[in-house]
Amino acid sequence: MKLKTYIKNALILGGIAVTMVACDEDKLPDFVHSDNRQVKLENTGFTSSGEEAVVVLAANGDWHVTQKDEWIHISKESGTRGRHNLFISADANNTSFSRTGFIEIDMAGKKEQFAITQDGYAYSLEVSKSDIFLGVDGKALYQGADKLTVVANAPWQIEIPADCQWLNVSPSSGDAGETEIIFSTENNTSGEHRKLELVIKEGDISENITFRQYGTEPSFDNMAVGFKYFADDMAWATGGNDQVGSINGSAGTTLAIYSDANAGIKAEFDKRYFDFNAKGASVYAADGYLKFGKSGNQNAFMIKEPLGVEEFNKANVAVSFRLAKNGTDKFTVSVAIQGPGKIEGAVNDEKTLSAACVPVDNSDKSQKWQWKEFTVNISDVTSDTKIIIGETQYIIDGFKTRSGYFRGFIDDITVTRTANN
């Protein structure tokens, strides 16, 4: 009897011990954990697939959100023990800047935090020009002077001063796409020139436009005949051979200015000129002058520097330079203008394109190649007139290249004041 009692008590005590061990093993440390601590959202507030982001939260106790930026949205802000799918989204980000916020979750003092990074909107705003010119009568001073084109990928608008009742802009706002804007006014009877700084805004990016209307007819500036508005002897374009000065152009080593090795020469070029075919990388430094053009690539250069004609004034100028052909390439050069002015002997109705300047045909292989000097006269230019010098057909074709070799050399570009009409 005593033996049975002993065995029974031993079994009971053993069971209690097993139970106690089992309970201790079930009790795990407190934990709260997310499977993703870096959530990436597009500016729309969703993922790149257009859905909410999903974060899986695991916790072994009750939990709740203790911190969250107000632009972030989460499908549930509290829960119990277990695994939970949390769906994350955000307000649309209509700025061009990305932003980062945080969600913090607390479970009995244990913290889990994850970041939400949202892209900004990739606004794109292009304006065809930054200046508008109208005459005293409210009409364009030259063809297209009263118009510009806006290319945008979101709604845009022009900010016009509230006290400006005399300026008409049509349209003054628009949606994504390409839009032509026309500026007009009534006659300016004030006798004073008008000038306004206007802003085109798209989201949080903008472009500035200067509007001018003459109060009187433009008059000539006070610069003396012979004054040089621009002069470049191209002494900076060195390092290559004097190819033109060699028999049949045999000294043909020139430096490609678009090569990283010649970045210093390229920087000097960029100070003075804009290359309409920069992607063609077809400009070379010779011995104090430039070579341009290669197979399937032609060029035109625009003088970057404003001419320096006084505002609301005009001037007559002569654009001079010298040219040489690369052998017998069918290479000709024309001068074109953008903005105010008229080219003497122009070949188009707008008076904006000169006749072709035809260099010497260097066909005699026993002789050095020859330079030839050219001058193109332009009347009524202003500080906003842009002067372009380039391969003739390339300009005519709207700065589009074509197959074939049209190579040549240019040196000593000047823009000089000439006599008033």
Side-chain angles (χ1 to χ4, degrees), residues 26-128 149-160 162 169 171-181 198-209:
D26 284 346
K27 188 175 182 181
L28 299 175
D30 292 339
F31 73 87
V32 58
H33 175 73
S34 63
D35 70 336
N36 184 4
R37 290 179 177 156
Q38 295 287 335
V39 176
K40 179 75 165 55
L41 298 176
E42 303 292 308
N43 76 287
T44 58
F46 300 97
T47 65
S48 58
S49 61
E51 301 174 342
E52 295 173 303
V54 181
V55 172
V56 179
L57 183 75
N60 66 348
D62 294 343
W63 57 270
H64 64 281
V65 173
T66 55
Q67 178 183 322
K68 178 180 71 66
D69 291 76
E70 63 179 12
W71 53 270
I72 298 172
H73 307 292
I74 185 169
S75 58
K76 56 193 308 185
E77 297 196 7
S78 62
T80 57
R81 175 178 177 173
R83 292 169 63 84
H84 303 268
N85 288 339
L86 305 180
F87 296 92
I88 311 297
S89 62
D91 293 338
N93 183 4
N94 293 320
T95 74
S96 58
F97 303 97
S98 61
R99 58 184 176 182
T100 299
F102 297 90
I103 295 176
E104 184 179 84
I105 291 175
D106 177 86
M107 193 210 72
K110 297 288 185 180
K111 307 284 187 181
E112 177 73 338
Q113 189 179 75
F114 48 96
I116 314 297
T117 300
Q118 185 182 22
D119 288 339
Y121 189 84
Y123 288 108
S124 174
L125 178 63
E126 295 180 13
V127 179
S128 60
T149 300
V150 171
V151 180
N153 65 348
W156 57 269
Q157 64 178 6
I158 299 180
E159 293 186 346
I160 302 172
V169 180
S172 59
S173 62
D175 295 321
E178 181 175 319
T179 307
E180 183 180 76
I181 303 172
L198 305 175
V199 179
I200 298 182
K201 282 194 169 183
E202 179 191 5
D204 59 0
I205 66 172
S206 62
E207 293 286 344
N208 295 328
I209 305 166

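Here the side chain of D204 pairs no donor or acceptor atom with the backbone of T95 at under 3.5 angstrom. Judged by distance alone, with hydrogens and angles left aside, the side-chain atoms of Q118 form a donor-acceptor pair with the main-chain N or O of D91 at under 3.5 Å.
S48 and E42 form no side-chain donor-acceptor contact under 3.5 Å, judged by distance and modelled atom types alone.
A heavy-atom distance below 4.5 Å is not found between the side chains of D62 and H64. F31 is listed as a side-chain neighbour of N60, based on a closest heavy-atom distance under 4.5 Å. Annotation: side chain of Q67 is not in contact with side chain of D106 (no heavy-atom distance under 4.5 Å).
Atoms CD1 and CH2, from I116 and W71 in turn, are 7.0 Å apart once rounded to the nearest 0.5 Å. Distance check: L41 CG to H73 NE2 gives 10.5 Å after rounding to the nearest 0.5 Å.
In this structure K110 satisfies the side chain to side chain donor-acceptor pair (under 3.5 Å) test with no other residue, sequence neighbours excluded. For S34, the side-chain contact (heavy atoms from CB on, under 4.5 Å) partners are R37, V55, L57, E112, F114, not counting sequence neighbours.
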### Task
Given side-chain contact (heavy atoms from CB on, under 4.5 Å), test N93 with D119 step by step and report yes or no.
CA-CA 7 Å; N93 183 4; D119 288 339; over 6 Å; no
### Message
Please determine whether side-chain contact (heavy atoms from CB on, under 4.5 Å) holds for the pair K76 and W63, giving the CA-CA distance in whole Å, both sets of side-chain angles, and the decisive distance to 0.1 Å.
### Response
CA-CA 11 Å; K76 56 193 308 185; W63 57 270; 4.1 Å; yes
### Chi angles and distances behind the side-chain contact (heavy atoms from CB on, under 4.5 Å) call for I74, I103
CA-CA 9 Å; I74 185 169; I103 295 176; 4.1 Å; yes
### Message
Test side-chain contact (heavy atoms from CB on, under 4.5 Å) on N43 and F97; report intermediate values, then the result.
### Response
CA-CA 9 Å; N43 76 287; F97 303 97; over 6 Å; no
Got a list of side-chain donor-acceptor pairs under 3.5 Å for residues 172-179, not counting sequence neighbours?
none

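Of all non-hydrogen atoms in A152 and L125, the two that sit nearest each other are CB-CD1, 4.1 Å.
The neighbour count for E126 CD, taken as heavy atoms of other residues, nucleotides or ligands under 6.0 Å away, does not exceed 12.
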